[in-house]
Amino acid sequence: MTELQPIIAIVDDDPATCEGLSSLLRSAGWRTETFASGQEFLDHRWMDTPSCVLLDLELPGLTGLDLQKRMAEVNLEIPIVFITGHGNIPSSVQAIKLGAVEFLTKPVDEEQLLQAIVEAVQHDRSARERHAQAREIRQRYGSLTTREQEVMRQVISGLLNKQVAAELSISEFTVKVHRGHVMRKMRADSLADLVRMAEQLGIDHRVSR
């Protein structure tokens, strides 16, 4: 499936600023959406596509920093680039600590802005790929039977087949069969690969015995 074109959201209560930024970004090949307030941005239904937010610090209602916190609360994980004419060191430090990609002051340097957007979109794209991979691994693990999950937990702890058999009170042959099913269903090429998947699932491979 072809990836949807990234969306650059511009949140600023100044129409002229919104239009100017939109014109600049469209000329650089980006797709844009504009919002006059933080609440309007939050009410928007976002598609599952790489994005970033150009966010003004001073906004009516929710300030830029307030919106950044609210986005974190509702798990709206879209990278933020702050653009403001009222920047100060405490605000910039707080924004960066909360995960903002960049904090730019007006009048903004166009090259610096475009570079920040590229970085933010790539960050979002990478995060989405990681989340998609994690979902896929959870689905694979969910396809295992209860016994296969038990065998997987024992195997990733470093036990040999005969030791797993003793732990689960089953035959070594049965362990081999279940282990084969686990490797196939999890699409693991090696034990190390299976251990890495278990770590992503939050499964402790140091099984207590």
Side-chain angles (χ1 to χ4, degrees), residues 1-136 138-139 200 202:
M1 182 179 294
T2 302
E3 185 181 80
L4 293 173
Q5 183 183 7
I7 298 175
I8 312 304
I10 302 169
V11 186
D12 197 304
D13 61 327
D14 181 3
T17 297
C18 285
E19 180 53 37
L21 288 173
S22 290
S23 178
L24 169 65
L25 298 185
R26 287 195 299 268
S27 69
W30 294 107
R31 176 184 173 190
T32 65
E33 298 273 0
T34 61
F35 304 89
S37 70
Q39 191 58 54
E40 183 181 341
F41 171 83
L42 288 174
D43 291 340
H44 183 75
R45 185 171 183 178
W46 288 96
M47 295 187 297
D48 187 19
T49 180
S51 311
C52 88
V53 185
L54 304 186
L55 179 57
D56 189 23
L57 187 66
E58 298 294 329
L59 291 168
L62 291 174
T63 67
L65 290 175
D66 289 337
L67 177 57
Q68 184 182 28
K69 293 175 184 176
R70 187 70 61 82
M71 288 171 64
E73 291 171 357
V74 299
N75 296 316
L76 186 56
E77 299 178 355
I78 302 177
I80 297 173
V81 174
F82 275 99
I83 302 179
T84 180
H86 308 282
N88 55 62
I89 292 177
S91 295
S92 62
V93 169
Q94 184 177 0
I96 298 300
K97 280 186 175 181
L98 291 173
V101 173
E102 187 59 272
F103 193 99
L104 305 175
T105 55
K106 299 174 182 178
V108 66
D109 179 84
E110 293 184 2
E111 289 300 320
Q112 190 176 13
L113 172 61
L114 293 174
Q115 181 56 42
I117 290 173
V118 169
E119 180 182 345
V121 170
Q122 183 55 50
H123 176 82
D124 193 42
R125 181 177 285 113
S126 297
R128 289 173 183 275
E129 290 174 354
R130 289 194 301 272
H131 292 331
Q133 183 182 49
R135 286 194 300 271
E136 174 65 22
R138 286 195 297 271
Q139 290 173 355
Q200 286 186 270

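The chain is numbered in sequence order, starting from 1. A quick note: this is a predicted structure, and the numbers were derived from the prediction, not measured.
- In terms of heavy atoms, F41 sits closest to F35 at CA-CD2, 3.7 Å.
- You'll find the side chain of L113 reaches within 4.5 Å of the side chain of L24, heavy atoms only.
- Side chains of Q115 and E111 form no contact here, defined as non-hydrogen atoms less than 4.5 Å apart.
- Here L104 contributes atom CG and S92 contributes atom OG; the two are 11.0 Å apart, rounded to the nearest 0.5 Å.
- Using a 4.5 Å cut-off on side-chain heavy atoms (C-beta onward), I117 and V121 make contact.
- Between D13 and L59 the shortest heavy-atom distance is N-CD2, 3.7 Å.
- Counting all heavy atoms, side chain and backbone alike, G61 lies closest to D66 at O-OD2, 4.5 Å.
- Looking at every heavy atom in both residues, G99 comes nearest to Q68 through N-NE2, 4.0 Å.
- Looking at D124, its side chain does come within 3.5 Å of a backbone N or O of S51 through a donor-acceptor pair.
- T32 approaches S22 most closely through the heavy-atom pair OG1-OG, 3.6 Å.
- Looking at K69 and Q94, their side chains come closer than 4.5 Å, going by heavy atoms from C-beta outward.
- H123 places none of its side-chain heavy atoms less than 4.5 Å from the side chain of C52.
- Between atom CZ of residue R26 and atom CZ of residue R31 there is a gap of 12.5 Å, rounded to the nearest 0.5 Å.
- Under the 3.5 Å distance criterion, with hydrogens and angles disregarded, a donor-acceptor pair is assigned to the side chains of S126 and Q122.
- Between the CD1 atom of I80 and the CG atom of L55 there is a distance of 5.5 Å, given to the nearest 0.5 Å.
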| said: Quick one, E40 with H44, criterion side chain to side chain contact (heavy atoms under 4.5 Å, CB included). Give me CA distance, side-chain angles, the key distance, then yes/no. | reply: CA-CA 6 Å; E40 183 181 341; H44 183 75; over 6 Å; no

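- Within the 3.5 Å criterion, the main-chain N or O of I7 finds no donor-acceptor partner in the side chain of E33.
- Put simply, the side chain of L54 reaches to within 4.5 Å of the side chain of L25, judged on heavy atoms.
- The number of heavy-atom neighbours closer than 6.0 Å to CD of E110, taken from other residues, nucleotides and ligands shown, is 12 or below.
- A salt bridge links D12 to K106: one of the charged nitrogens lies within less than 4.0 Å of a carboxylate oxygen.
- Note that CG of D56 and SG of C18 are 8.5 Å apart. Values are rounded to the nearest 0.5 Å.
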Run the numbers on F82 and I96 for side chain to side chain contact (heavy atoms under 4.5 Å, CB included), then give the verdict.
-> CA-CA 9 Å; F82 275 99; I96 298 300; over 6 Å; no

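- Here the options are T105, T63, L65, L67, the test is side chain to side chain contact (heavy atoms under 4.5 Å, CB included), and the partner is L57; only L65 passes.
- With values rounded to the nearest 0.5 angstrom, Q112 atom CD is found 5.5 Å from E102 atom CD.
- For the pair Q5 (side chain) and G29 (backbone), a donor-acceptor distance under 3.5 Å is present.
- Nearest heavy-atom pair, L62 versus G38, reported as atom, atom and distance to 0.1 Å: CD1-C, 4.2 Å.
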